[in-house]
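Letters A, B, ... are given to chains in the order of the sequence lines, protein chains preceding strands, and every chain is numbered from 1.
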Protein chains: 2
Amino acid sequence: MTSNATDERERAAARLRGAGLKVTESRLAVFDAFHAGEHLDADDVHTRVAELLPTTSRQAVYGVLGALTDAGLLRRIEPAGSPALYETRTGDNHHHLVCTSCGKVFDVGCVVGEAACLTPSETHGFRIATAEVTFWGLCPECSASGALS
Amino acid sequence: MTSNATDERERAAARLRGAGLKVTESRLAVFDAFHAGEHLDADDVHTRVAELLPTTSRQAVYGVLGALTDAGLLRRIEPAGSPALYETRTGDNHHHLVCTSCGKVFDVGCVVGEAACLTPSETHGFRIATAEVTFWGLCPECSASGALS
DNA sequence: CGGTTGTCTTGACTTTGTCAAAACAACCGA
DNA sequence: TCGGTTGTTTTGACAAAGTCAAGACAACCG
């Protein structure tokens, strides 16, 4: 019987091949590093990858994250005041909720009525490709513990 | 007769005093550096300030920008892939249009129907304070010159 | 299985910004 | 008007996050 872990590796390998990328241990380990709903920075990913492949360099992680992002297998976000974060949920242009106190990030679906709302009132002649929305506020834990921002 | 330049310096000084900040040459020079609608990074500001006050240090500029931002006299934005930018238009929570090719930034008013639209579909229990919207696209010049992104 | 091409390692470097201590300047009150 | 106090600026070291380039190495194709 095939283990789930093996299944996941094979699925990851198939996605890499589909994107025209070579299948390497580093890349599989980066896929392994992400669990659903997480937003990890390059250092988080390096830490997790290094547990399995201790010789993996920081630059390899930057390289993998860049390649996977370019291939559309990861999405990169850069909230103000934070290093770049990566997530596995791609292709749906969802948005983010960031805690101004602890920095935790959550996904939120597209805003209600998106198509009509996210048309800027003046376009300055731009050909607009995407609208990115970030909500800032206090997460339940920080709110409960009395954090002010 | 009073010159416009003197008027502007006095207005800037009054705003500083109103915010409880000491009036210094550096701070007045930073105000001078901004023209309406511009989005300048710390280095841009330092360059302009140094034309008038050549001894001004980089750290003084960071200090002034931080103080003015904290006082609500400047607003800081941090578009992905760019150093922090500052603008003089504050207090109206307007949004931004960023060219993915050349990086130019323009202001846009609040999106149409904002109040209704910018409510996320799931709040994860957050106490939401603000919604930040960034539009990405090609500016007219880059669009005309055939840039692809 | 060997060659080609793309990936990873190593290590220097850049950019953007922060921290801390001492010199200095603005402002208040006498 | 003149000090004194407090806040600002200078100086210089440092830190975080990421980039660049060259050579070693591994994946994939035939």
Side-chain angles (χ1 to χ4, degrees), chain A residues 9-10 12-33 39-50 52-71 73-74 76-86 103 105, chain B residues 9-10 12-33 39-47 49-50 52-71 73-74 76-86 103:
Chain A
R9 276 179 98 72
E10 193 40 55
R15 300 187 70 194
L16 288 169
R17 284 191 205 96
L21 295 169
K22 288 184 178 173
V23 176
T24 68
E25 286 301 312
S26 301
R27 287 172 177 172
L28 294 174
V30 167
F31 267 116
D32 265 4
H39 300 83
L40 306 180
D41 66 24
D43 194 57
D44 296 331
V45 173
H46 182 237
T47 300
R48 293 195 184 175
V49 167
L52 297 169
L53 301 172
T55 65
T56 307
S57 66
R58 218 168 43 96
Q59 284 69 7
V61 171
Y62 278 111
V64 171
L65 291 173
L68 298 188
T69 302
D70 290 347
L73 302 180
L74 288 180
R76 170 168 38 223
I77 61 171
E78 300 181 37
S82 159
L85 300 175
Y86 297 84
V105 178
Chain B
R9 276 178 97 72
E10 194 39 55
R15 300 188 69 194
L16 288 169
R17 284 191 205 97
L21 295 168
K22 288 183 176 173
V23 176
T24 67
E25 286 301 311
S26 302
R27 288 172 177 170
L28 294 174
V30 167
F31 267 115
D32 265 6
H39 300 82
L40 306 180
D41 66 24
D43 194 58
D44 295 331
V45 173
H46 183 236
T47 300
V49 167
L52 298 169
L53 300 172
T55 65
T56 307
S57 65
R58 217 168 43 96
Q59 284 70 6
V61 171
Y62 279 111
V64 172
L65 292 172
L68 298 188
T69 301
D70 290 347
L73 301 180
L74 288 180
R76 171 170 37 225
I77 61 172
E78 301 181 37
S82 159
L85 301 176
Y86 297 83

Base-contact (B) and sugar-phosphate-only (S) positions in nucleotides 14-27 of chain C, heavy-atom cut-off under 4.0 Å, - elsewhere: --SBBB------BS

A:His46 NE2 to D:dA17 P, straight-line distance once rounded to whole Å: 14 Å

Exercise: identify the closest heavy-atom pair between B:Val23 and B:Ala13: CG2-O, 3.7 Å

Minimum heavy-atom distance B:Ala29-B:Leu52, with the two atoms named: CB-CD1, 4.5 Å

Closest contact, heavy atoms only, B:Leu21 versus B:Ala71: CD1-CB, 3.9 Å

Considering all heavy atoms, the nearest A:Glu78-B:Gly81 contact: OE1-N, 3.0 Å

Contact check, side chains of A:Leu16 and A:Thr24, non-hydrogen atoms, under 4.5 Å: no

Heavy-atom closest contact (B:Arg27 atom, B:Ala67 atom, distance): NH2-CB, 4.1 Å

Nearest-angstrom distance from the residue atom CG of A:Leu53 to C1' of C:dT7: 14 Å

Side chain to side chain donor-acceptor pair (under 3.5 Å) partners of residues 59-70 of chain B, not counting sequence neighbours, each pair once: none

Atom-to-atom span, CG of B:Asp70 to P of D:dG7 - whole angstrom: 15 Å

Exercise: identify the closest heavy-atom pair between A:Leu73 and A:Ala19: CD1-CB, 4.3 Å

Axis bend over the full length of the helix from C:dC1-D:dG30 to C:dA30-D:dT1, computed from five pairs that close each end, to 10 degrees: 30°

Interatomic distance, B:Arg27 CZ vs D:dT10 P [rounded to whole Å]: 12 Å

